[in-house]
Structure formats: structure tokens, C-alpha cells
Amino acid sequence: MKKILVTGGAGFLGSHLCGRLLDAGHDVLCIDNFFTGSKTNIEHLFNHPRFEMMRHDVTFPLYVEVDEIYNLACPASPIHYQFDPVQTTKTSVHGAINLLGLAKRVKAKILQASTSEIYGDPEVHPQTENYWGRVNPIGFRSCYDEGKRCAETLFFDYRRQHNLRIKVARIFNTYGPRMHPNDGRVISNFIVQALQGRDITIYGDGQQTRSFCYVDDLIEAMLRIMNTPDDFTGPINIGNAREFTILELAELILALTGSRSKLIFRPLPTDDPRQRQPDISLAKQLLNWSPTVELRQGLEKTIRYFDQQLKLIAPAGLAG
Ligand SMILES: NC(=O)c1ccc[n+]([C@@H]2O[C@H](COP(=O)([O-])OP(=O)(O)OC[C@H]3O[C@@H](n4cnc5c(N)ncnc54)[C@H](O)[C@@H]3O)[C@@H](O)[C@H]2O)c1
């Protein structure tokens with residue numbers, strides 16, 4: 001049994017990760033400032049004897065005794081990370097410094113939840129880990145993209161300078177139950193709009209492609225990355241390599257929800273990548289991992305979750 005710290009543990013991915021780590025028999029300390037996460041995401045864990053929750057902002061130092069750290073704290077959707085961009089950069093950069101400092105003090109192994117956004121609007125498809133990316137350093141998305149890039153730099157400098165055991169996972173679009181219903185991400189947007197019978201907003205012509213990984217597959221990959229030998233640092237891409245156009249996604253969600261919502265088209269936001277697809281050869285080879293959940297199957301579970309949420313929360317609270 002290990003003592004494991006999960007930062008951002010009350011968020012979408014973090015809450016699933018905490019559950020999986022408890023199931024595996026570990027002690028889990030979840031920290032979160034509840035900016036985008038919520039207690040409801042983890043309330044089913046509150047009575048678990050090996051689960052502990054602490055309200056804490058990673059931009060401040062933390063002193064705890066742990067064996068492993070999963071650093072997930074950071075708002076992940078444009079609506080949320082652009083709300084207070086300075087805080088977003090601080091969360092990635094100061095957060096990384098504080099947690100790497102903690103890992104150094106207590107000799108913990110540390111995994112960074114990095115992102116495909118570090119590739120920016122890529123000229124290379126699919127993206128392999130050795131591609132350096134094409135990121136706008138001064139745009140609206142830069143607080144997130146550059147913050148995450150700098151965090152990766154810090155992880156590798158702590159490795160070179162202090163011989164820390166680091167793992168950098170580059171996560172591509174992931175979806176599933178407990179996604180924030182209002183965060184403007186394409187899957188949650190489409191599902192909520194379809195369930196409420198509102199128009200489904202497609203940015204651009206809908207021919208831009210994305211690949212979507214179901215949360216259970218993603219968490220499995222994160223656990224395997226943490227358990228790789230100490231000399232493996234990553235970066236390593238994790239996600240689903242199967243590409244769908246945004247239009248195909250919208251049509252599938254309409255079919256699965258039986259919704260009569262109409263598709264409406266709006267201009268593309270600035271810096272929105274045209275295509276995003278991971279090359280997951282390294283993960284397949286090294287982790288013996290590949291996604292197992294088909295989009296249709298994952299969407300059915302996610303739709304069921306949002307359907308329940310919409311029944312619990314007044315529709316006005318979810319709209320917009
Ligand atoms: N979901 C995806 O598709 C995806 C893709 C790429 C990378 N990631 C990364 O995975 C991580 C988790 O993403 P998610 O989708 O679960 O998002 P999320 O917003 O649901 O979770 C992030 C959590 O971090 C917390 N947080 C934010 N700032 C904090 C701070 N300063 N101190 C402490 N806690 C803070 C939030 O309250 C939230 O609970 C993020 O680092 C994100 O960048 C996610």
C-alpha cells in the first residue's frame with residue numbers, strides 16, 4: 001500500500017483516478033481548490049477509510065508525506081482556464097514548482113498530467129512525442145499551453161538537476177461521466193444541448209477532427225505510466241487515435257439521445273486546431289496499452305450521467 005497524493009482530485013479525471021487508486025488498495029490524499037472540481041465528484045469516497053480530502057491551492061507550498069504524486073490540478077477547458085489566465089499559468093508553473101519541491105523533499109515519484117495542447121496547432125499528424133509543437137505564445141490559449149509546456153520543462157530540469165523520478169503524460173481529449181456540464185468542451189456541450197433539445201453548436205464547418213478517449217481507458221494508462229521503471233520519464237501520449245469529425249460526433253450524439261436538436265454553425269475560435277490526433281505507438285509498445293472503449297459505448301455512459309445530472313439540477317443552472 002502506498003500513500004498517494006492526487007492534486008486536482010475533485011475534478012473530472014482526478015475523481016476517477018482517486019477511485020481507482022483506492023480500489024487498488026492505496027491511501028489517497030486528494031487536494032483541490034474546487035475551482036472547477038466539486039465535492040459531488042468525490043462524495044462517494046468520503047466514507048472510505050483510506051481516503052482523505054484537503055482544500056488546498058497548488059500555487060502554495062504543501063508539506064505532506066507521500067510516496068507518489070499525480071499532478072492534475074489545473075482548469076482544463078478554455079472557458080475555465082481563460083477565466084483567470086494569470087492564475088492558470090500560476091497553477092501550472094508555481095504548482096509544478098511546489099509539487100516537484102515536495103517530491104524532492106520526500107523522495108516521491110511524480111506524474112504530470114500534461115496535454116496535447118503543448119503541440120499547439122500542429123503541422124504534423126498524428127503527433128508523436130518528439131514533435132516540438134506550434135504554439136502561439138501570446139494568444140488566449142497561451143496561459144494553458146505555455147503553462148503546461150513550462151511545467152514539462154520544470155519536470156525535466158528537476159530530473160536532470162535533482163534526479164527526481166518523473167513521468168510526463170500528454171493527455172489527449174478525454175470524456176466520460178463527471179465532466180463539467182458547462183465547460184464548453186465539445187462532448188459535454190453536444191450532449192447537454194441534445195438532452196435539452198437546444199440547437200447543437202458546431203464551430204467552423206464541422207470537418208475538423210478530434211479523437212476522444214473514454215475516461216476509464218485514460219486512467220488505466222496513467223496508472224501504468226506511474227508504474228513504469230524509474231528510468232522512463234516520458235513524455236508519452238495517451239488518448240484514442242481514432243479520429244472523428246465534429247459533425248460525425250454531433251450526429252452520433254443526436255442518434256444516441258434520440259434528440260431533435262438542430263445543428264447550427266458558428267465561426268471557429270482563434271487558435272482552434274484543425275486536427276488533433278495522438279500517435280500512441282509508444283504507449284502501446286511500452287505500456288502494452290490501447291483504448292478499449294468504443295466511442296458509442298463511452299457516449300452511452302456519458303449521456304446517462306448527464307441525463308441524471310440534468311434531472312437533479314434545475315435546467316437553468318446548466319444552460320448557457
Ligand atoms: N480532460 C481532458 O481531456 C484533458 C486533456 C489534457 C490534459 N488534461 C489535464 O488533466 C488534468 C485534469 O483535467 P480534468 O479534465 O479533470 O479537469 P478538471 O477541471 O475537471 O480538473 C482539474 C481540477 O484541478 C483543480 N484545480 C484547479 N486549479 C487548482 C489549484 N490552483 N489548486 C488546486 N486545485 C486546482 C480544479 O478545481 C479541478 O478539480 C488537468 O491538468 C488537465 O490539464 C485533461
Side-chain angles (χ1 to χ4, degrees), residues 5-19 29-42 53-62 69-99 102 110-119 127 141 143-152 155 168-188 210-219 221-222 225 235-240 273 276 278 291 298 302:
L5 170 63
V6 179
T7 78
F12 160 48
L13 297 181
S15 60
H16 287 275
L17 178 61
C18 288
L29 170 59
C30 162
I31 69 156
D32 207 294
N33 69 351
F34 297 114
F35 174 50
T36 49
S38 74
K39 284 190 186 156
T40 41
N41 283 344
I42 45 167
M53 167 76 222
M54 190 195 290
R55 182 187 290 268
H56 177 79
D57 187 318
V58 294
T59 60
F60 296 96
L62 179 68
I69 303 169
Y70 288 84
N71 185 30
L72 274 66
C74 187
S77 68
I79 288 181
H80 291 129
Y81 69 62
Q82 288 168 9
F83 174 76
D84 184 349
V86 173
Q87 174 68 12
T88 300
T89 304
K90 277 190 186 167
T91 295
S92 276
V93 177
H94 292 194
I97 292 170
N98 288 327
L99 291 155
L102 171 66
I110 180 165
L111 180 147
Q112 167 69 354
S114 190
T115 169
S116 56
E117 299 288 336
I118 66 109
Y119 297 122
Q127 291 89 49
R141 303 172 80 107
C143 57
Y144 184 71
D145 303 3
E146 296 289 19
K148 288 284 190 180
R149 286 172 69 94
C150 184
E152 286 201 10
F155 267 67
V168 173
R170 290 186 181 152
I171 302 171
F172 284 66
N173 264 353
T174 304
Y175 72 99
R178 301 194 208 125
M179 286 179 92
H180 200 291
N182 253 344
D183 68 2
R185 289 194 233 185
V186 65
I187 288 200
S188 46
R210 292 291 184 274
S211 55
F212 305 100
C213 186
Y214 187 65
V215 59
D216 290 356
D217 282 332
L218 200 281
I219 299 300
M222 286 179 85
I225 293 171
I236 182 165
N237 289 338
I238 43 174
N240 196 322
R276 189 56 79 52
T302 313

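Whatever order the structure lists ligands and atoms in, that order sets their numbers, starting from 1. Being a predicted model, the structure only gives us computed values, none of them experimental.
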Residue pair Ser211 / Asn240, side-chain donor-acceptor N/O under 3.5 Å: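 No pair is found: no donor N or O on one side chain lies under 3.5 Å from an acceptor on the other.
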
Does [X] reach ligand 1, in the sense of a heavy atom lying below 4.0 Å from it?
X	result
Lys90	no
Ser114	yes
Met179	no
Thr7	no
Pro75	yes

What is the nearest protein non-hydrogen atom to [atom], stated with its residue, atom name and distance?
atom	result
atom 4 (C) of ligand 1	Ile171 CG2, 3.9 Å
atom 15 (O) of ligand 1	Arg185 NH2, 3.0 Å
atom 37 (O) of ligand 1	Asp32 OD1, 2.6 Å
atom 31 (N) of ligand 1	Asp57 OD1, 2.9 Å

Need the ligand 1 atom indices (1-based, order shown) with element for anything under 4.0 Å from a heavy-atom of Gly11.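 Here the atoms of ligand 1 in question are 20 (O), 21 (O), 38 (C), 39 (O).
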
Is there a side-chain contact between Leu5 and Leu62 (heavy atoms, below 4.5 Å)?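 A side-chain contact under 4.5 Å exists here.
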
Assign the ring pair Tyr119 / Phe172 to parallel, tilted or perpendicular, where the plane angle (0 to 90°) is split at 30° and 60°.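 Tilted.
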
Test of understanding: given a 4.0 Å heavy-atom threshold, classify the contact between Ser116 and ligand 1 as side chain, backbone, both, or neither.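 The answer is neither.
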
What part of Lys148 sits under 4.0 Å from ligand 1 if we count only heavy atoms: the side chain, the backbone, both or neither?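 The answer is the side chain.
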
Would you say Tyr144 has any N or O atom under 3.5 Å from an N or O of ligand 1, going by distance alone?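 In this structure, Tyr144 places an N or O atom under 3.5 Å from an N or O of ligand 1.
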
Pair Glu117 + Arg141: basic N to acidic O under 4.0 Å: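 Salt bridge present between Glu117 and Arg141.
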
Looking at Arg149 and Glu146, is any side-chain nitrogen of the basic one under 4.0 Å from a carboxylate oxygen of the acidic one?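 Answer for the salt bridge query: yes.
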
